[in-house]
Amino acid sequence: MIDHRQDQMPSDELLVAFLDGELDDAERLRIDTLINTDETVSTRFEFLSRSEMPFYDAFEPLLENAPTANLEAILQGLPSSIAAEPAGKNWNRRSFIAAAIGLVLVGVVADRAYIEMQDASSESDGSEWRAVVAEYLSLYTADTLANLTSDESSQGQQLRSLGDSLGLSLPAEAVSLPGIALKRAQVLQYDGKPLGQIAYLDPASGPLALCIIRSSKGPNSPRAEQRHGMNVVYWSDQAHGYMLIGHNSADQLTVLAERVRTALST
């Protein structure tokens with residue numbers, strides 16, 4: 001049974017049920033209140049509701065400018081046995097034109113999707129996985145990590161397991177950060193590949209994460225960017241891509257990232 005306590009983060013299942021109008025009035029009111037008052041819930045709801053796009057409005061100008069006259073001419077030029085409107089079937093001149101316009105729209109959407117995939121695949125810095133990580137980490141608060149134990153033996157095992165998944169040695173001393181508690185090392189997955197996350201809790205800035213993924217893009221020097229209000233430093237070596245992300249200042253994050261990069265390269 002799903003726990004619907006007022007102070008609990010609603011599950012994705014519950015938020016999707018809200019989107020689909022499947023909740024009773026009381027539960028719908030509760031979720032609506034959380035969306036409007038809790039930033040974490042609001043962020044997650046926005047992420048899940050991105051498929052709710054105004055497709056009809058987007059394509060309406062194309063429908064208005066569709067070459068109906070040309071389609072009519074094509075229909076008129078067809079043999080009578082094909083152009084005739086057969087009785088007893090849901091097919092007529094208007095249906096033919098609508099179907100033809102539909103094919104035009106499918107072609108436009110397919111072309112757009114292909115262009116976007118080409119653009120994504122041409123990015124040499126691997127920004128796709130960094131975007132996913134930043135989206136995920138934006139949901140973290142200090143409370144997300146505060147109650148995790150900091151047992152060195154347990155963390156050492158987590159790091160060894162993570163390193164085995166990535167084909168990388170991850171000794172605790174190499175990934176430790178001064179004055180910042182290491183809280184958890186875990187294996188996630190992105191695009192069918194293991195994605196390592198080492199989570200920290202900075203007493204001043206909150207959640208911080210070092211994320212690692214296998215990469216064949218080759219070595220790249222550290223670069224900086226911002227995502228979801230967080231600073232990011234990312235780099236890669238011959239076999240892996242790395243990113244350090246958190247609410248720390250850009251300067252502080254750069255220093256921490258260089259510390260980790262140097263330790264892992266020796």
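In this text, all values refer to a predicted model and were calculated from it rather than measured experimentally. Worth knowing before you read on, the calculation uses all heavy atoms, side chains too, and leaves out hydrogens, waters and symmetry mates.
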same_hphob_cluster(W129, I212) at 4.5 Å side-chain heavy-atom cutoff:
no
Flag, side chain of R28 to backbone of F18, donor-acceptor distance under 3.5 Å:
yes
Testing the basics here: between V133 and C211, what is the closest heavy-atom pair and its distance to 0.1 Å?
CG1-SG, 3.6 Å
So which heavy atom on W235 is nearest to which on A257, and how close?
CZ3-CB, 3.7 Å
Residues R223, E225: salt bridge by 4.0 Å N-O rule:
no
Result block: side-chain N/O donor-acceptor pairs under 3.5 angstrom for residues 178-190, not counting sequence neighbours:
from : atom 1 : to   : atom 2 : distance (Å)
K183 : NZ     : L148 : O      : 3.0
K183 : NZ     : S150 : OG     : 3.4
R184 : NH2    : Y140 : OH     : 3.1
Q186 : NE2    : Q197 : OE1    : 2.8

Nearest non-hydrogen partners of P207 and L145, listed with the distance:
CB-CD1, 4.0 Å
Would you say that more than 12 heavy atoms from the other residues, nucleotides or ligands in this model lie under 6.0 Å from the CG of N147, or not?
no
Strictly distance-based, threshold 3.5 Å: is any side-chain N or O of S176 a donor or acceptor partner for the main-chain N or O of E173?
yes
Using the rule given for side-chain contact (heavy atoms from CB on, under 4.5 Å), can you reason through E27 versus L14, listing the C-alpha separation, both sets of side-chain angles and the distance that settles it, and then say yes or no?
CA-CA 10 Å; E27 188 68 350; L14 195 59; 3.6 Å; yes
Are V175 and L177 in one and the same hydrophobic cluster, where Ile, Leu, Val, Met, Phe, Trp and Tyr link if side-chain heavy atoms are under 4.5 Å apart?
yes
Examine L244 and L168 and state if one hydrophobic cluster contains both, with Ile, Leu, Val, Met, Phe, Trp and Tyr joined whenever side-chain heavy atoms are less than 4.5 Å apart.
yes
Measuring from F45:CZ to I31:CD1, what's the distance to the nearest 0.5 Å?
10.0 Å
For the backbone of L34 and the side chain of D38, can you confirm whether one donor and one acceptor N or O come within less than 3.5 Å of each other?
no
Interatomic distance, OG@S42 vs CG@L15, rounded to 0.5 Å, equals 10.5 Å
Hphob cluster co-occupancy, L208 + L162, side-chain heavy atoms under 4.5 angstrom:
yes
Which heavy atom of S165 sits nearest to which heavy atom of P194, and what is that distance?
O-CG, 3.5 Å
I need the L210 CG to M243 CE distance, nearest 0.5 Å.
9.5 Å
Taking all heavy atoms of G241 and all of S236, pick out the closest pair and write down the distance.
CA-CB, 4.0 Å
Can you get from Y234 to L137 by hopping between Ile, Leu, Val, Met, Phe, Trp and Tyr side chains that sit under 4.5 Å apart?
yes
Kindly compute the distance separating CD (Q155) from CD1 (I198), expressed to the nearest 0.5 Å.
10.0 Å
Might you point out which heavy atoms bring R227 and A131 nearest each other, and give the distance in Å?
NH1-CB, 3.5 Å
Do any pairs count as a side chain to side chain donor-acceptor pair (under 3.5 Å) and have a residue in residues 252-261, sequence neighbours left out, and if so which ones?
N248-Q252, E258-R261, E258-T262
Are more than 12 heavy atoms, taken from residues, nucleotides or ligands other than D25, located less than 6.0 Å from that residue's CG atom?
no
Looking at CG of L139 and NE2 of H228, how far apart are the two atoms once the value is rounded to the nearest 0.5 Å?
9.0 Å
Validation row: Y242, V260 side chains within 4.5 angstrom (heavy atoms)
no
Using the ring pair (Phe, Tyr, Trp, His ring centres under 6.0 Å) criterion, which residues pair with Y200? Sequence neighbours excluded.
none
Interatomic distance, CD@E135 vs OG1@T43, rounded to 0.5 Å, equals 8.0 Å
